[in-house]
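This structure is a prediction, so every number in the text was calculated from the model and none was measured.
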Amino acid sequence: MTNHLSTSLQADEKLEQQVDPRRWYALAVILLPILLNSLNTYMIQVALPSIQNSLKASFSDAQLIVAGFSLSLAVALIVSGRLGDIYGRKRLLLIGVSGFTLMAMLGGLTSNPTLLIVIRIVQGLAAALIQPQVLSMMQVNFLPREKGLVFSIYGALMGFGFAFGLILGGILVNWNVFDLGWRTIFFFNVPFGILVLLCLPLLPESRGGRTQRIDWIGTFLIMSGLFLLVYPLSEGQKQGWPQWIWGCLILSLLLLLAFITVEIRKQKRDGDPLVDLTIFKQRLFGVGMTSVVLIYLSMFSFFFLLTYYLQFGLHFDAQETSLAFLPLGGGFFLTSLLSSRIVSRWGMVVLRIGALVTGICFFLFIVLLYMDAIHLLSIQYIVLLLLYGLGLGLVTTPLTRVVLGTVPMKDAGTGSGLFNTFMYLASSLGVALISILFSASLGQSLASAILSDYARAFSVSLAACGGLALTAFVCLCFLRDRRAS
């Protein structure tokens, strides 16, 4: 027993000598790009109806402005994590932030909805170079006992970006500096991006621990398969569901099956697959990733439709919309900040409670809509949205730490990319699928629908979101009750 303890202490001391003593300063720098991306995502969420009206875009175009960004993020994340492992995470961060900032400037200058969709897709590709590098650096630069605090800071920053991004987005659109309106949202990112670029030289370079190659066949199969899955769902509603839409969906499934087959074959031959699918044999990882998909499907669907209900159904302006989101963001920020301590004390039951609370809140929202569909800034809605935000922070932030904690250190970049791929794929799929349900329930165009139509369509969509959240709760019940370390 004494020898075992002595060996453990020696291993800890050796590990402590290997980590960079300036890692906490570096953490502040590597989290700046995450804040940049988070603010951008939620500012555009509030401004989306204004963008649609200004550019005379369709509801389908508005979906693609959001879903196109998330989709390009999702399809590029796995390979970008591997690229960071091979060519250097700092180098990939530099390229990603530069591309993100350039696309923000171009997005503020464009007046064509199709061009804006293309710019958002390219901006999503740039963002895909950022996210895995940050999570990889968090995984490899800190001691095991420090990772709880590190991921809590990461979660709190995401919560801050969510809450502050929604508020700032509404303020900037209403402020209307130089009569720029929604364009201010894009231009805001330019000086912020330049600030991040100036700070990046302070970071040390890091790479994966072994020689790796890019699996280009696997990359092509998964990128093509995911694109052909999400894009037709967004376009099908606008095009009237022609045969080519169904052909694309069938082809996407075939490509994804081919991807799984190729990756398994490469793994058996001791090759270098893009994704080590054997990781899904770990029960914690598999259930955790399923829960990630279900939670983020419901979350992003809700954000998207709440914005449209407020601005089209109730004719809120952008600033009033941001005020409606404020209690949600505040609750999320609070529990994200405290989640590490709570999970360390109470274990996995915290995640289950968080998922259950979010699911119940959706159905309570439906009840309130039947009682009062107009006054969404009243105290009962504020309390309900605060409760939803608290539950969301309890399940999403610890889930990040739990899932990534199962990934071997040597595959930190690939594991981070895989986690974020599932998250952003759920975002793009959620917006596409829930928009189909919302439009079908609405029964007419956004412009001609009346409040009762919006309340009905919103209620049906909320029921779907609640079902997804409660299914996530059931999945989390299958996790063994262990304390996050």
Side-chain angles (χ1 to χ4, degrees), residues 32-59 61-70 72-73 96-124 126-127 130 157-199 300 303-304 306-308 310-312 314-326 328-329 431:
L32 280 177
I34 293 295
L35 182 59
L36 172 66
N37 185 26
S38 183
L39 287 173
N40 168 78
T41 299
Y42 296 113
M43 285 194 296
I44 288 178
Q45 184 75 50
V46 172
L48 190 59
S50 300
I51 296 172
Q52 182 181 345
N53 287 332
S54 174
L55 300 183
K56 295 180 172 54
S58 66
F59 186 49
D61 291 333
Q63 292 172 46
L64 285 172
I65 290 172
V66 174
F69 178 85
S70 298
S72 59
L73 245 174
V97 174
S98 299
F100 190 95
T101 305
L102 177 61
M103 290 304 108
M105 184 179 68
L106 294 177
L109 295 173
T110 188
S111 296
N112 183 288
T114 303
L115 184 57
L116 182 58
I117 291 169
V118 173
I119 288 170
R120 287 285 288 164
I121 289 172
V122 177
Q123 192 176 38
I130 296 172
L157 189 71
M158 296 288 283
F160 174 80
F162 170 60
F164 188 65
L166 291 167
I167 298 168
L168 184 60
I171 291 173
L172 289 176
V173 173
N174 268 32
W175 196 7
N176 199 22
V177 180
F178 302 121
D179 202 31
L180 290 172
W182 60 266
R183 298 176 191 277
T184 316
I185 299 292
F186 285 89
F187 290 137
F188 172 84
N189 291 313
V190 177
F192 196 157
I194 292 172
L195 172 64
V196 174
L197 290 172
L198 292 174
C199 292
F300 282 106
F303 293 169
F304 181 79
L306 179 58
T307 301
Y308 270 83
L310 291 170
Q311 296 196 25
F312 277 83
L314 300 181
H315 305 290
F316 278 28
D317 60 27
Q319 190 163 344
E320 288 173 319
T321 301
S322 66
L323 288 175
F325 273 102
L326 179 59
L328 197 165
V431 169

For the pair F100 and N40, evaluate side-chain contact (heavy atoms from CB on, under 4.5 Å) and give the outcome as yes or no after the intermediate values.
CA-CA 10 Å; F100 190 95; N40 168 78; 3.6 Å; yes

Using the side-chain contact (heavy atoms from CB on, under 4.5 Å) rule, take T321 and F325 through it: C-alpha gap first, then chi angles, then the decisive distance, then the call.
CA-CA 7 Å; T321 301; F325 273 102; 3.9 Å; yes

Run the numbers on E320 and L314 for side-chain contact (heavy atoms from CB on, under 4.5 Å), then give the verdict.
CA-CA 10 Å; E320 288 173 319; L314 300 181; over 6 Å; no

Show your reasoning for whether side-chain contact (heavy atoms from CB on, under 4.5 Å) applies to D179 and N176.
CA-CA 5 Å; D179 202 31; N176 199 22; 3.1 Å; yes

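Here CG of L64 is found 11.0 Å from OG of S70. Values are rounded to the nearest 0.5 Å. Remark: L197 CG to L36 CG distance equals 9.0 Å, nearest 0.5 Å. Of the inter-residue distances, the one linking L48 atom CG with F59 atom CZ reads 8.5 Å to the nearest 0.5 angstrom. In this structure, S50 OG and N174 CG are separated by 8.0 Å, a value rounded to the nearest 0.5 Å. One distance of note links OG1 of T41 with CD of Q123; it measures 8.5 Å at 0.5 Å rounding. Here the CD-CD1 distance, from Q319 to I167, works out to 10.0 Å after rounding to the nearest 0.5 Å.
The shortest distance between side-chain heavy atoms of P49 and T307 falls below 4.5 Å. Contact annotation: the side chain of R183 approaches that of S111 to within less than 4.5 Å [non-hydrogen atoms, C-beta and beyond]. Looking only at side-chain heavy atoms (C-beta outward), F303 and V431 stay at 4.5 Å or farther from each other. F300 places none of its side-chain heavy atoms less than 4.5 Å from the side chain of V66. Taking the side chain as every heavy atom from C-beta outward, F316 and L323 never approach each other to under 4.5 Å.
Nearest heavy-atom pair across R120 and S72 is O-OG, 4.1 Å. Nearest heavy-atom pair across T101 and G193 is OG1-CA, 3.3 Å. The minimum heavy-atom distance linking G68 with I121 is given by the pair O-CG1, 3.8 Å. Closest non-hydrogen pair, V46 versus A318, comes out as CG1-O, 3.4 Å. Of all non-hydrogen atoms in N189 and A104, the two that sit nearest each other are CB-CB, 3.7 Å. Nearest approach of T184 to L180, heavy atoms of both residues: OG1-CB, 3.6 Å.
Scanning for ring-ring contact (aromatic ring centres under 6.0 Å, His included) contacts around F186 gives W182, with sequence neighbours left out. Legend: residues meeting ring-ring contact (aromatic ring centres under 6.0 Å, His included) with F312, ordered by chain and number and at least two apart, are Y308.
None of L106, T110, D61 except one satisfies the side chain to side chain contact (heavy atoms under 4.5 Å, CB included) rule with L116; the exception is T110.
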